[in-house]
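Here is the naming used below: chain letters follow the sequence lines, and residue numbers restart at 1 for every chain. These figures come from a predicted structure and were not determined experimentally.
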2 protein chains.
Amino acid sequence: MKHGDAFDPNCPTRLVLDRIGDKWTVLVVLTLSDGNPRRFTELRKMINGVTPKVLTQTLRAMARDGLLTRQVFAEVPPRVEYRLTPLGLTLQTPIKAITDWAEANVDEVMAARAAAL
Amino acid sequence: MKHGDAFDPNCPTRLVLDRIGDKWTVLVVLTLSDGNPRRFTELRKMINGVTPKVLTQTLRAMARDGLLTRQVFAEVPPRVEYRLTPLGLTLQTPIKAITDWAEANVDEVMAARAAAL
DNA sequence: CTTCATGGTTTCCAAAGGGTACCAATAGCA
DNA sequence: TGCTATTGGTACCCTTTGGAAACCATGAAG
């Protein structure tokens, strides 16, 4: 249905778009893209600027959508490991396309933005 | 990047990411990706669910970043045509990667989401 | 019995998103 | 002379989301 593509608010494609279009989701995928598990605090440190509340929301939403797993260890202090699922790992492809574009064109965009003042 | 990639909030790449990660920006690009100009009302109708305020914000921001042009005709009733710049057209590549992923994996995501209830 | 680390939660506030109403300008009509 | 219709937005208001800061439960270690 290339028609309307994602133009219908209820189109499932658009629902998916909303999730992977999220800034923090992209950064979480980048952080976990080597396939290794990371703990909550690790993620928080690596993704500079994210607050714990928003990180929790993002991780829970991604887990709900099958993009990552959340493994809780019954230890003290608590240990929780997040890792991408095979599905989550496939997100690397489109995300790389985005970051490649951003890196290639950031100068032009910033120049346009500066000129618009 | 590879280090830091977009992990620094002030990293220009992340600024660009914020813009093209926006839901409405993606839909505007899809709407204009055939290279033809569209009027404000046309865009509003094609992108189901967007309010005029948000559409205006999106279009102005994209124009500021050099992704599209806004051509005003001195007519009554007013006519304003939006069209992608060459830079804006190059956005099709990463966006297609995203929509392809979404279409390919929407079933799996929705299944995971349903199972999580 | 105090301290420390972890993985959050709670509270509060500001910013963004979104719905609805409205407007300016003029051509065409009556 | 009104009256209407069209277009591309604004203005206003309310709800939702994002974010900063503080707090919390647990139990092992000191």
Which value, rounded to the nearest 0.5 Å, describes the distance between A:Leu55 atom CG and A:Trp24 atom CH2?
-> 9.0 Å
So, for B:Ser33 and B:Leu30, which heavy atoms are closest and what is the spacing to 0.1 Å?
-> OG-O, 2.9 Å
Look at the side chain of B:Thr85 and the backbone N and O of B:Leu67, then say whether any donor-acceptor pair between them is shorter than 3.5 Å.
-> yes
Contact pattern, 5' to 3', of nucleotides 24-30 of chain D - B, S or - by protein heavy atom under 4.0 Å = --BB---
Using the test salt bridge (Lys or Arg N to Asp or Glu O under 4.0 Å), find all partners of A:Lys45 that sit at least two apart in sequence or belong to another chain.
-> none
D:dG9 phosphate, OP1 or OP2: any side-chain N/O from B:Arg70 under 4.0 angstrom?
-> yes
Does a side-chain N or O from B:Thr56 land closer than 4.0 Å to OP1 or OP2 of D:dG9, or not?
-> no
For A:Lys23, does the NZ atom sit with more than 12 other heavy atoms under 6.0 Å from it, leaving out its own atoms?
-> yes
How does protein reach along nucleotides 12-19 of chain D, written 5' to 3' as B (base within reach of a heavy atom under 4.0 Å), S (only sugar-phosphate), or - (no contact)?
-> B-----BB
Counted 5' to 3', the first and last nucleotides of DNA chain C within 4.0 Å (strictly under) of a heavy-atom of chain A are C:dA5 to C:dT11
Phosphate-side-chain proximity, B:Arg60 and D:dT10, N/O vs OP1/OP2 below 4.0 Å | yes
Rounded to whole Å, the CZ-P distance (B:Phe73 to D:dT7) equals 15 Å
Identify the residue among B:Val28, B:Leu89, B:Leu91 that makes a side-chain contact (heavy atoms from CB on, under 4.5 Å) with B:Leu68.
-> B:Val28
Just one of A:Ile20, A:Val26, A:Thr90, A:Thr25 clears the side-chain contact (heavy atoms from CB on, under 4.5 Å) bar with A:Ile95, so which one?
-> A:Val26
Working to the nearest 0.5 Å, report the span between NZ of A:Lys53 and CD of A:Gln57.
-> 5.5 Å
Taking all non-hydrogen atoms of both residues, which atom of A:Asp34 and which atom of A:Asn36 are closest, and how far apart?
-> OD1-N, 2.9 Å
Kindly state each residue pair satisfying side-chain hydrogen bond (donor to acceptor under 3.5 Å, both in side chains) with at least one member in residues 69-80 of chain B, sequence neighbours excluded.
-> B:Arg70-B:Tyr82, B:Glu75-B:Arg79, B:Arg79-B:Glu81
d(CZ, B:Arg44; P, D:dT10) in whole Å = 13 Å
Side-chain atoms of residues 104-117 of chain B: list all donor-acceptor pairs with protein atoms under 3.5 Å, sequence neighbours left out, distances to 0.1 Å.
from     : atom 1 : to       : atom 2 : distance (Å)
B:Asn105 : ND2    : B:Trp101 : O      : 2.9
B:Arg113 : NE     : A:Asp65  : OD1    : 2.8
B:Arg113 : NH2    : A:Asp65  : OD2    : 3.0

